[in-house]
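A quick write-up on the structure given underneath.
Numbering of ligands and ligand atoms starts at 1, following listing order. Just so you know, these numbers come straight off a predicted model, no measurement behind them. Nothing fancy with the numbering, it's 1 onward along the sequence.
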Amino acid sequence: MTINSNMRINSDRLWDSLMEMAKIGPGIAGGNNRQTVTDEDAEGRKLFQTWCEAEGCTMGLDKMGNMFARREGTDPDALPVYVGSHLDTQPTGGKYDGVLGVLSGLEIVRQLNEMKVKTKHPIVVVNFTNEEGTRYAPAMMASGVFVGKHTLEWAYSREDAKGLKFGDELKRVGYLGDEEVGARKMHAFFELHIEQGPILEAENHEVGVVTHGQGLKWLQVTLTGKESHTGSTPMPMRKNAGLGMARVTELVNEIALSHAPDAVGAVGHCDVYPNSRNIIPGKVVFTIDFRHPNKDVILDMATRMEEGAKKICEDNGLGMEIEQVSGFDPVEFDKDCVSSVRNAAERLGYSHRDLISGAGHDACWINSVAPTAMVMCPCVDGLSHNEAEEISPEWAAAGTNVLFHAVVETAQIVE
Ligand code: HGY
Ligand code: MN
Ligand code: MN
C-alpha cells in the first residue's frame, strides 16, 4: 500500500502539543528559556516521554541524554526511520525552534496509531540533547558525539558560565542514560525545522525542501591589554582590550560583507574584565560566528579575521589567543531523501522551493552516518533566537504533513 495524498496529520493536536510544551520553561517575553540539562529541560523531556509512552512507544536513552521513542514496525530487524530534532532552547528562545521537529515526529506516531497503519521499518522519534550550544558550546553537541565528532569525555567536561560541567548536570537532571552514543543505526533521518530566515515567507512558500546546510566556524578570541584608570590614564598609554574587541567586531562585519550575499559573520557573546565603568578593560573574551555554503569562503573569512586582528593588536599593544570552538563543513543532504520530501510537497499541493539551511541542525551531523533530509516551514519575519519567534498552525501542519509522507514512504506502509 502506498501512502495516498489524503493522508494528513491532525493539525489541532500538533498545535495543542506545541502550546503545552511552550508552558514549560517560559521566557520573560512570551518565548521559552529551556536551556539544555536544566530543570526546565528535564520537565520538557518528561512531558515528551509521557506523550510517547501514551502512544505505546518504547523509550531509549543514551549516555548523552539523547531520547528515542520507538514505534514498532512489522520487520523488527529493519533499521528504523528516525525523525526528530531538539527540545532545548536558547535563553531567549522561541516556542518552535527544535520543538516543532520533535513534536511533529510524535504527531506522525499519533496519526499512524489512530489510522492503525503499520510500516515495515520501525519509526523512532528522537530528541537530541544540547542542539543550541548556548549554555554548553558547541552547538549540536550530542548529535556530534553520536556521529563521532566529539568524544563523550570531552562533551562531559564542557563547562557553563557558572563552571558546572555538562556531564554532572546531565546526571543531576536524571537523563544520563546507559545506551552507547551512536550505537543506533538508522535507515534514514528526517528533521522538520522552522526556517529561521525570511525566504519562505517573503516568497509565499509553505514548505522548504532543504538540499544543503551551510557550514560554520565558531571562534573564541581572548584579547589581553592592561587594566588602568579610565580617568587618569592618557589615551596614548592605554592598552584597551575593549577597543580591540570593537575593532575586531567591525572587521568581522566587513569580511562577511565582502562575500555578500551568502556569507554571514557576527560577534555574539562577550565578557569584559573587570567590567567596571572606570577601569579600562584589561581582558575581553568574545565569540565569532562565520557561516557560508562554501567551506573555502569560511576559511578565507577566518584567515582574514586572524590577520586583521593581529594588526589591531599590534596597533593597540594587545595580546591575542584564538580558539576554534566549533566548526563543520557545508553539508549536502541525501538526494533520495530530499526527493521524497519534494515529491511529498508536490503530492500534497504545497507551494515549495529548494533551500540551503542558514542555521545548523542535528541533521547536519546525522547526514554523515545516515541518509538524511530536512523539511522547513516559514517563520514570521524570518525571526528566530528571539522570544517573538512565531509560525502559523497552517505552516506547522504543512511541514508536518510533508514530513509525514516522507517518513512513512521511507518506512514503507504494510498492507
Ligand atoms: O547555531 C545554530 O545554527 C543552531 O541554532 N544551533
Ligand atoms: Mn534548532
Ligand atoms: Mn536554535
Acceptor/donor pairs from residues 96-105 side chains to any protein atom, 3.5 angstrom cut, sequence neighbours excluded:
{"from": "Y96", "atom 1": "OH", "to": "E390", "atom 2": "OE2", "distance (Å)": "2.5"}
{"from": "D97", "atom 1": "OD1", "to": "H86", "atom 2": "NE2", "distance (Å)": "3.1"}
{"from": "D97", "atom 1": "OD1", "to": "H193", "atom 2": "NE2", "distance (Å)": "2.9"}
{"from": "D97", "atom 1": "OD2", "to": "Q196", "atom 2": "NE2", "distance (Å)": "3.0"}
{"from": "D97", "atom 1": "OD2", "to": "H385", "atom 2": "NE2", "distance (Å)": "3.1"}
{"from": "S104", "atom 1": "OG", "to": "L100", "atom 2": "O", "distance (Å)": "2.7"}
{"from": "S104", "atom 1": "OG", "to": "G101", "atom 2": "O", "distance (Å)": "3.1"}

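For the atom pair L318 CG and T222 OG1, the distance stands at 12.0 Å (nearest 0.5 Å). Note that NZ of K310 and CG of D315 are 14.0 Å apart. Values are rounded to the nearest 0.5 Å.
With waters left out, the protein N, O or S atoms under 2.8 Å from the Mn ion (ligand 2) add up to 3.
Every protein residue with a heavy atom nearer than 4.0 Å to ligand 1 is included here: E131, E132, A139, W218, R291, A359, G360, H385.
Note: F328 and W365 meet the aromatic proximity criterion, with ring centroids under 6.0 Å apart.
H385 has its closest N, O or S atom to the Mn ion (ligand 3) at the position named NE2.
Other residues, nucleotides and ligands contribute more than 12 heavy atoms inside 6.0 Å of the CZ atom of R342.
Considering V380, T400, L200, I194 in turn, V380 is the only one that fulfils the side-chain contact (heavy atoms from CB on, under 4.5 Å) rule with W395.
Shown here are the side-chain hydrogen bond (donor to acceptor under 3.5 Å, both in side chains) partners of Y82, two or more places apart in sequence or in another chain: R184.
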Exercise for review: Show the numbers, then the answer: is there a salt bridge (charged side-chain N to carboxylate O under 4.0 Å, His left out) between R172 and D39?
Suggested key: CA-CA 9 Å; R172 181 185 67 79; D39 295 333; 2.9 Å; yes
Practice item. Assess whether salt bridge (charged side-chain N to carboxylate O under 4.0 Å, His left out) is satisfied between K311 and E314, documenting all intermediate values. Key: CA-CA 5 Å; K311 176 78 175 61; E314 280 158 23; 5.6 Å; no
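A cation-pi contact, defined as under 6.0 Å to the ring centre and within 45° of the axis, is absent between R8 and F404.
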